[in-house]
Amino acid sequence: MYTLLKLLKKNARISNAELALLLDTDEKTIEKEIAALEASGVIRGYSAITNDDMIDEDFVTAHVELKVTPRSQSGFDEIAIAVSAYDEVESCWLMSGAYDLAVTITGRNIRDISQFIAQRLASIDGVLSTATHFVLKRYKDNSIVISGEEIDERGFVSP
Amino acid sequence: MINYDKILSKAAMDMKPSGIRKFFDIAQNLEGVISLGVGEPDFKTPWRIRKAAISTLEKGKTIYTANSGLLELRQQIAKYFEDTIKTSYCPENEILVTVGGSEAIDLAIRAIVEPGDEVLIVEPCFVCYSPIVALCGGVPVSIETKVENQFKLTADEVKAKITDKTKILILPFPNNPTGAVMRKEDLDEIAKVLKDKDIIVVSDEIYSELTYGGKHYSIAQCDGMKERTIVINGFSKSFAMTGWRLGFMAGPEEILEHVLKIHQYAIMCSPTTSQYAAVEALKHCHNDVEKMVSEYNMRRRYIVDAFNKLGLTCFSPEGAFYVFPSIKVTGLSSKEFCEKLVLEKKVAVVPGDAFGKCGEGFIRVSYAYSLNHLKEALKRIGEFLDENNLINNV
């Protein structure tokens, strides 16, 4: 199961026939296993990993560190769920360390993002502070190199 | 003007450059070539091993080791042999740490072969055995393995080539280039032939960790064979440590004692930093090896299937990281096929005859590459076959 997930994470468009070949089993089994992973919610969706710098459209991505006061009943969950509910939020993780929630947001420009943070995120009850970091360049995403392909130094032919 | 021909030894001048080398030059001069030609892992040495080496450098551990290698490393190697091939070797006098498996091969041959002695070489095989035998004045005697036997060596083939001049049988399994392995039952048959003869088996087991569908078995494990076997192994392929140049050999003390003298005068000792790194590898990095092996195994299944689908029949190898598909159906020779392929589609593979005459009609394809890389290369090979109408029934 674990290897199957690893292969799908690398390439979600890989065919069942190919997966069966790689994992030394048959297509029916693969089909069943994927269906089970989807049904149980282990697989939440499939998405393309893109180099957005090559897309002709303006956008800005920011990582926002949120410090929050956990609520007496629900702890961090309620705030995290409220943050995640916004379409602008791409990811929202609870972290150990100096801050609590790591939030990724994408907008068209810096003004969009600052407005969103000031008006929406900062105003959520329990949010104590925000620190915003804008992304300058992405080199690797989801285990896939985006910029600066590694060169095979082994040469062409060796015994 | 000095006449170098008069200066150089005949043996050196007679040595043929590797068939691989020639092909390398062709690929080198083309733009945009993608290769399936290399004989080394695409993985980097596991970080833990690199870190261990860095740490010994920081501590200034930069002096010679004992000629036969760090005792701690030899002890780890002894443990490795016990764990894997269930054979005990004494770290003090039955194990030698060498500069790659290559040096071990050279030492074994040099310590044993005298002019006129015959050395049985199982082909197709790695390119170095014959030239070294010839350099010692020995006579390389080919034993040709066959695809219909899954490129395994058979007892009859050995028997047929043994004469009273035979001193060594070089046994290169898991095999480069075919990927063939010898299982216990295959080796038992060979052992029966050799058991009462004064012939030493030089068993080159450098790919032993890369054995799929079962564990590697060594001829040293066969009844009566330990005393007539030199086992050669190393870190290059299993731990992805080619550039560290570190191998090892184990065998009877009576042989190793003399092998050690050659090593001592020629090399002194294997690289110290690499030896410390190797201790770390054997102590803590078997998980990394397992991960790499499972990755190779997936690629192996993919590539065997892909070649068979293209119509180039490919025997399913159980070791190393090569497949050896037949290209006889195209009507081209191995060399013609490879040259045409690299010129037209810019895919570099190695002609089978670079590994011995009986490799003619085959190509060696390495799968020490990512799946995506393999797919692109196989797509190009498919186009190449189509565009040249090389396979009628596809």
Side-chain angles (χ1 to χ4, degrees), chain A residues 1-37 42-43 46-54 138-159, chain B residues 18-30 33-42 44 102 125-128 176-177 212-213 242-243 291 294-295 297-306 308-309 322 338 342 346-351 354-355 364 366 368-373 375:
Chain A
M1 205 62 121
Y2 178 71
T3 322
L4 172 63
L5 280 176
K6 229 170 65 182
L7 288 168
L8 283 172
K9 275 188 173 199
K10 233 184 217 166
N11 175 14
R13 298 192 66 188
I14 189 170
S15 71
N16 288 358
E18 206 175 305
L19 285 168
L21 180 64
L22 295 178
L23 298 173
D24 201 16
T25 176
D26 53 89
E27 275 184 67
K28 268 261 163 325
T29 312
I30 295 287
E31 209 175 291
K32 266 192 221 155
E33 281 184 15
I34 293 179
L37 287 165
V42 172
I43 293 179
Y46 302 90
S47 76
I49 296 153
T50 52
N51 182 356
D52 292 342
D53 294 337
M54 295 176 72
R138 294 185 313 156
Y139 292 89
K140 194 175 181 184
D141 217 345
N142 284 284
S143 306
I144 288 176
V145 172
I146 307 260
S147 183
E149 209 65 57
E150 215 177 334
I151 296 161
D152 190 344
E153 289 174 340
R154 291 177 298 167
F156 296 115
V157 185
S158 70
Chain B
S18 154
I20 291 179
R21 189 72 224 173
K22 252 189 268 168
F23 199 71
F24 179 86
D25 296 337
I26 302 177
Q28 189 80 320
N29 292 321
L30 291 171
V33 171
I34 65 170
S35 175
L36 297 178
V38 305
E40 62 180 313
D42 56 321
K44 295 215 167 52
S102 303
C125 68
F126 183 54
V127 294
C128 82
N176 170 10
Y212 314 102
T242 46
K291 267 189 223 156
S294 101
E295 182 71 32
N297 196 8
M298 281 198 286
R299 300 171 183 177
R300 177 182 71 102
R301 283 195 289 265
Y302 168 77
I303 201 166
V304 168
D305 179 77
N308 283 320
K309 277 185 183 147
Y322 310 103
C338 294
V342 77
K346 303 194 171 171
V347 178
V349 297
V350 184
F355 305 93
R364 188 196 73 172
S366 159
Y369 294 92
S370 74
L371 261 182
N372 282 341
H373 183 102
K375 275 184 204 171

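Every chain is numbered from 1 and lettered A, B, ... according to where its sequence line falls, protein lines coming before strand lines.
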Does a side-chain heavy-atom distance below 4.5 Å link A:Glu33 with A:Leu19?
no

Sub-4.5 Å side-chain heavy-atom contact between A:Ile146 and A:Asp52
no

Any residue meeting side-chain contact (heavy atoms from CB on, under 4.5 Å) with B:Leu30, in chain and number order, not counting sequence neighbours:
B:Val33, B:Val342, B:Leu343

Sequence-distant partners of A:Phe156, ring pair (Phe, Tyr, Trp, His ring centres under 6.0 Å), two or more places apart
none

Taking side chain as everything from C-beta outward and backbone as N, CA, C, O, which of these in A:Leu23 sits under 4.5 Å from a heavy atom of chain B? Side chain, backbone, both or neither.
both

Examine whether an atom of A:Asp24 lies under 4.5 Å from a heavy atom of chain B, and if so say whether it belongs to the side chain, the backbone or both; otherwise answer neither.
both

Tell me, out of B:Ala348, B:Ala27, B:Ala354, who's got the most heavy-atom pairs with chain A below 4.5 Å.
B:Ala27

Please determine, among B:Asp42, B:Asn297, B:Asn176, B:Leu371, the option with the most heavy-atom pairs under 4.5 Å with chain A.
B:Asp42

Where on [X] is there a heavy atom nearer than 4.5 Å to chain A: the side chain, the backbone, both, or neither?
{"X": "B:Arg364", "value": "side chain"}
{"X": "B:Val350", "value": "side chain"}
{"X": "B:Lys375", "value": "side chain"}
{"X": "B:Tyr302", "value": "both"}

Salt bridge check: are A:Asp152 and A:Arg154 linked by an N-O gap of less than 4.0 Å?
yes

If you count the non-hydrogen atoms of other residues, nucleotides and ligands that lie under 6.0 Å from NZ in B:Lys346, is the total more than 12?
yes

